[in-house]
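Report on one structure; see the data block that follows.
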Amino acid sequence: MRHVIIIGSGPAGYTAAIYAARANLEPLVVASSVEAGGELMNTTEVENFPGFPEGIMGPDLMAKMQAQAERFGAEVLYDDVVSLDVSGPVKRITLGSGATHEAHSIIFATGSAPRKLGVEGEARLSGHGVSYCATCDGFFFREKVIAVVGGGDSAMEEATFLTKFASKVYVIHRREELRASKIMQERAFANEKIEFVWNSAIVDILGQDAVSGVVLESTVDGSRRELPLDGVFVAIGNDPRTHLVHGALDLTPEGTIAVDGRSSRTSVAGVFAAGDVLDPTYRQAVTAAGSGTVAALDVEHYLAGLGEAGSPEPEADPIEGRPEVNVA
């Protein structure tokens, strides 16, 4: 029986693991078999995470977080949770391998997944010119003409990064102004390889075995035209990964996991949420990390309460004799 199982290995999951491990809770982190490290594994240079004045590559930051969690005793398992049962005091997860694990508590930190365009040709050509990760696939588009869809920071970051490889990068946006931060806009506007296509939406992606172009529809007058392309990078946002808890935990109207006030406590006792899976607004690495801290501290208090109530408790009380909050 585990004290706590952490599902997810982004900034929220690994920060929760660091705090839980330092509290002698010996957390099990189910990191995923294919998406370990979360969204930052698909990010180039991270410039706004405190403590790295020169910036740090997303995968490097996640590797450091994992190493820090493991240093204090967290166990990282590269598998995927396919189902979970949180109905009783003992929580149970089942992995893709068929193995099951039980714990007194769970921290759900599964993050979010890239949003799809939902147009003809997208699914067929995914991996054949349609991509959701510039750092993963940019290398394959050397001297090619490509497009990035979106108007936020992620889209501007991807477009700027892709100019290292592509001969030309179109940025296709539904509106006539961007949602991206000022600094990200300025970088994109200053890059001579980037051309903006305003007030336009992709309604079809063309090509049989590879992307050959897109059909654009004007959001102003509805007119359509074709734009020849070798690749399409979709950066229009993310949706929280909550499919495992549908029907088990309460969700918000935005589709994120509902929690009690500023805590990480969900609608089920012993289940806590952290990171993008509960945050429809900010969705930053640093806020996710802070959320992971909250979840780990909430788990500590929850486990201490189990012991006091005489319910099944951890093998050793991780709270006894420790300060209420350890921020060192």
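We number each residue from 1, following the sequence as shown.
- The stretch residues 183-213 participates, sequence neighbours left out, in these ring-ring contact (aromatic ring centres under 6.0 Å, His included) pairs: Phe189-Phe196, Phe196-Trp198.
- Ring pair Phe72/Tyr19: centre-to-centre distance not below 6.0 Å.
- The stretch residues 96-117 participates, sequence neighbours left out, in these salt bridge (charged side-chain N to carboxylate O under 4.0 Å, His left out) pairs: Arg92-Glu102, Arg115-Asp239.
- Scanning all heavy atoms of the two residues, the minimum distance from Ser131 to Asp137 falls at OG-OD2, 2.5 Å.
- Thr252 places a side-chain N or O within donor-acceptor distance of the main-chain N or O of Thr256, the cut-off being under 3.5 Å.
- Nearest heavy-atom pair across Ser200 and Ile172 is O-CG2, 3.6 Å.
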Using residues 50-64 as the side-chain source, report each donor-acceptor pair under 3.5 Å to any protein atom, sequence neighbours left out, with the distance given to one decimal.
none

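- Taking each heavy atom of Asp80 and Ser32 in turn, the nearest pair found is OD1-OG, 2.8 Å.
- Asp153 and Ser181 share a donor-acceptor pair across their side chains, judged by distance under 3.5 Å alone.
- Qualifying salt bridge (Lys or Arg N to Asp or Glu O under 4.0 Å) partners for Glu186, counting only residues two or more places apart in sequence or in other chains: none.
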Side-chain donor-acceptor pairs under 3.5 Å in residues 173-180, sequence neighbours left out?
{"from": "His173", "atom 1": "NE2", "to": "Glu177", "atom 2": "O", "distance (Å)": "3.0"}

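- Under the salt bridge (charged side-chain N to carboxylate O under 4.0 Å, His left out) criterion, the residue pairs touching residues 192-206 are Lys168-Glu195, with sequence neighbours excluded.
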Practice problem: Could you go through the ring pair (Phe, Tyr, Trp, His ring centres under 6.0 Å) check for Phe165 and Phe140 one step at a time? | Solution: CA-CA 8 Å; Phe165 308 102; Phe140 301 108; 9.4 Å; no
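- Ion pair Asp260/Arg265 flagged as a salt bridge, since at least one NZ, NE, NH1 or NH2 atom sits closer than 4.0 Å to an Asp/Glu carboxylate oxygen.
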